[in-house]
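Proteins get letters first, then strands, A, B, ... in listed order; numbering begins at 1 in each. Everything numeric here is computed off the predicted structure, so don't read it as measured data.
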Amino acid sequence: MFRNIYGKRILFSLRDRSTMIWTLIFPLVLGTLFFAVFGGIDTSGLLETSPLGVVNDEAFRQDEAFKVALESVSGEDGLFELHIFENTSDADSALENGDITGYVIAGDIPTLIITSDGISQTIAKSFLDRFIQTRSSIIHVIATNPAAAADLPALLAPVTFTEEITLSNNPPSNVLNYFYALFAMVSMYGGFQGLNTVVYLQANMSALGARRTVSPAKRWKLVLYDLLGGLTIQFACLVILVAYLSLVLGIDFGSQVGLILLTCLAGSMLGVSFGAMVSVSSKFKENAKVAILISVSMLSVFLSGLMVGGINYIIAQRAPIVAWINPAARITDAFYSLYFYDTYGHFFLNIGIVFGMSVIMFIITAVFLRRQRYESI
Amino acid sequence: MKVFKACMLVIKHYYMTYVINIVIFMVLAIVLSGFMAQQFDTNFFAVRPNLAIVNRDGESPIVDGLIKHLRENSNEVELNDDKRALQDATFYHAVDYILIIPQGFRDSFIEGTPKTLETVKTTQTARGFVADSLVEQYLNLVRVYMAAGGDKSEESIVSTALHDLSNEATVVKKQFGTSAPVDQVFIMYVQMLNFILVTLVFLSVTNVTMVFKRSDLRMRNLCAPLKPRALNLQQVLACAAMSTFVWMLLVTVGVIMYGGNLGGVDTRIIVLMLLNSFVITIFALALAALASNFVSSGNAQNAVANIMTLALCFLGGVFVPRYMLSDSLLAVSRFLPTYWNVIALERATELTSFDSSTLAPFWQAIAIQLAFAAAVFCVSLLVGKHINQSERFVNSVRTELEG
């Protein structure tokens, strides 16, 4: 009987075009889109040369030190692309048109004119601050110890005191989280498999359900074998997606293949149990159940960072309970823990929660499915 | 207007789908605005990195001075000196930068052979540069004072360095034009409208067309004393009315939610922003008309709606800022109306005057979107004509209304 039900369920799932679109084609398209769009996101906060203006007035022309300092950090690989304006009104119009991020008026205390806050403006101010502070220290040294003046050029050559290290196996990545959230989305869409199982097992939902309800087979076997069939297809879809992204598009998800597959399995179970629970516990029509499934899944994956990267971290900090009970966030975190941590504590905590959620939802499904009788269908 | 009324009945039948979509969108909008609220202010706020300091060297004037300087210029996050805690903070992006001061740093610094300070950056961002800059500038000033001689004490050197570090450039924030800048959260809301408008308009149009394409109903309608043109026109009218209603509803909700933050903003800018979102509604209508030729079941409808809107929004720069997109991808994006919608939105919000030359770029972006809509609508008419004449089209539509 197992082969009969399980095999037919697999065949049914493969022939169910709409479910295959949601759980396989749609994620493959989205994954490819992510790959195309997020290629440069990890470097998006990197320093870029920003256009900065300076007014070529009397003060600027006379302040040779400032001129040299500004030119030394400008140019192709420098911090600024320098635009020189003859007067403030020219600089103003360039600023208004967005040609420059700000402009500087030289003086004892230089002034930075900007229209908005941002990292380019902060770096410009940081440069000016450093210049003023260094000039102040030169004046101070000469005033207190004139003999040291000759050594000043050597002393002022900047020394580097810091060195960047990493705390984990792999460097933090903003891109990977989008893909992990995509895996979470596919897992949640496993709900369609759970929904199908219940719809075609409940006599009041479909003709097939009515036929199966009167069949001389044990109910629990019907449910279990059917769910296993759905789970197999769901798991296969997720694995195909992971394989496509890593082998075809070349995205590196780390080397723990076994644990990645375990996470796929846990995610698939969560999705299938979620769909079964939604389907069995509500009396809506199939379309309404599909709408609930998609809406909850979308909300869940949105909060795990699928549409707006980094929102999962904000939620984790400001509303930790929401983050911990969000199934998509747990799946995303489980994948990212595998990539990021050199230990497995965090990973197994997340996997444990995902399995726990699945078991609870399967139990709820079983309670509802148990001993259902129909007065009228 | 029997067909128009029938269309409205069909739309009413599916009201739950719209309600769910709108409610979810609203929840997302509120979450986003709650977390990303950023109001315009005429003061300059330098970007302050979120920074954690792990001090393994204990207290000393040099280290204390460094910590004081960092605290004044960043948002300090308290972290335990424990690898797991530091990893977690990096994992959850709770900090931009971690500074680890090694044991014996102060002594090595005084001896002139300073131990290296270890830093961890969450991502390779410019915030890390700002944090690095704060550390390096302080230590370099202290080093210069120490090397310059004099018999100053460590405390006095640190105090002088901190005094120097308190010197700052003057920052003036200018505002061009009379309008205050538009609230960032409202801009984001209007930009996100792209997503929900395209989805809802698509669902409305396909819900109606799917019903009217049912073979029994088509055959019934074909023999009715009603010209096909009138039938189609009333369907188009009903879809247009529904789309306008959806647009008005979402705009009204947006204005109610964020209207309080729009004080001082030139009303003309708001009108242009909303006009821009109406233009994408028109495009959505044309796109839905085209796609409805191919959609024949509820599941396909949802799948097409999601794939289409997500592709339009991701590639068009609605979800991801344009500067993050590669040049080759941007070349593709230019062929999407969502790209021009975001451009028009930017141009509208940056307006400082309303003469024809400053408005021209905005109208250009609007015209491109309308041209896209016209082109797609023409293609949909051609495809529709072709499909309607083919035999295979009959008996291929299934809706729950059949039961």
Side-chain angles (χ1 to χ4, degrees), chain A residues 18 21-22 26 29-30 33 36-37 39-41 44-47 96 109-115 117 119 122-123 125-126 128-130 132-133 136-137 140-141 144-145 148 155-156 158-159 161-165 167-168 172 174 287-288 291 295 298-299 302 307 310 313-314 316-317 340-341, chain B residues 16-17 20 24 28 35 45-47 86-87 90-94 114 116-126 129-130 132-133 135-137 139-141 144 147-150 164-165 167-174 176 298-300 303 307 310-311 314 319-320 324-326 329 352 400:
Chain A
S18 64
I21 287 175
W22 281 114
F26 180 54
V29 172
L30 208 53
L33 275 179
V37 171
I41 206 168
S44 63
L46 276 176
L47 285 177
E96 188 179 356
I109 302 287
T111 306
L112 175 67
I113 318 284
I114 53 170
T115 52
D117 304 339
I119 202 80
T122 303
I123 288 170
K125 180 174 180 291
S126 174
L128 294 177
D129 288 347
R130 284 181 80 152
I132 301 168
Q133 289 156 6
S136 163
S137 70
H140 198 265
V141 166
T144 52
N145 185 10
L155 281 178
L156 287 172
V159 173
F161 294 94
T162 56
E163 185 188 26
E164 192 182 348
I165 58 161
L167 290 169
S168 56
N174 287 332
N287 266 13
S295 308
M298 276 314 212
L299 181 65
F302 172 82
M307 287 93 168
Y313 306 123
I314 299 172
Q317 284 162 31
F340 180 78
Y341 286 104
Chain B
M16 207 55 199
T17 316
I20 290 173
I24 295 269
L28 302 189
F35 287 132
F45 289 106
V47 172
L86 300 181
Q87 278 184 331
T90 320
F91 181 87
Y92 288 113
H93 290 216
T116 307
L117 299 174
E118 291 178 335
T119 63
V120 180
K121 292 171 190 162
T122 301
T123 43
Q124 289 295 320
T125 62
F129 168 84
V130 173
D132 258 344
S133 175
V135 176
E136 301 285 0
Q137 176 71 347
L139 292 174
N140 269 302
L141 282 187
V144 168
D164 283 344
L165 289 168
N167 292 323
E168 285 188 24
T170 314
V171 178
V172 177
K173 200 167 181 179
K174 272 203 172 179
F176 295 102
N299 273 322
I307 292 179
L310 285 175
F314 269 116
F319 290 150
V320 183
M324 286 187 180
L325 305 182
S326 64
L329 194 69
T352 49
E400 68 176 73

*Begin from the C-alpha positions of A:T162 and B:E136 and carry the test side-chain contact (heavy atoms from CB on, under 4.5 Å) through to its verdict.*
CA-CA 8 Å; A:T162 56; B:E136 301 285 0; 2.7 Å; yes
Taking atom [atom1] of [X] and atom [atom2] of [Y], what is their separation to the nearest 0.5 Å?
X      : Y      : atom1 : atom2 : result
B:L141 : A:Q133 : CG    : CD    : 6.5 Å
A:I132 : B:L165 : CD1   : CG    : 11.5 Å
B:I307 : A:W22  : CD1   : CH2   : 7.0 Å

Contact origin within [X] toward chain B - heavy atom pairs under 4.5 Å:
X      : answer
A:V159 : both
A:S126 : side chain
A:I113 : both
A:I165 : both

_Chi angles and distances behind the side-chain contact (heavy atoms from CB on, under 4.5 Å) call for B:L310, A:L30_ = CA-CA 8 Å; B:L310 285 175; A:L30 208 53; 3.9 Å; yes
*Sequence neighbours excluded, which residues qualify as side-chain hydrogen bond (donor to acceptor under 3.5 Å, both in side chains) partners of B:E118?*
none
*Check side-chain hydrogen bond (donor to acceptor under 3.5 Å, both in side chains) between A:S136 and all other residues, then give those that pass, not counting sequence neighbours.*
B:D164, B:N167
*CA sep, side-chain torsions, deciding dist, call: B:V144, A:V141, side-chain contact (heavy atoms from CB on, under 4.5 Å)*: CA-CA 9 Å; B:V144 168; A:V141 166; 4.3 Å; yes
*Please step through side-chain contact (heavy atoms from CB on, under 4.5 Å) for the pair B:V171 and A:T111, ending with a clear verdict.*
CA-CA 6 Å; B:V171 178; A:T111 306; over 6 Å; no
Chain A contact via [X] - side chain, backbone, both or neither, heavy atoms under 4.5 Å:
X      : value
B:L139 : both
B:D132 : side chain
B:L86  : both
B:V135 : side chain

*Thinking salt bridges, do B:E168 and A:K125 make one under a 4.0 Å N-O criterion?*
yes
*Do you know the tightest heavy-atom contact between B:Q87 and A:F340?*
O-CE2, 3.4 Å
_Among B:S133, B:A311, B:P114, residue most engaged with chain A (heavy-atom pairs, under 4.5 Å)_ = B:S133
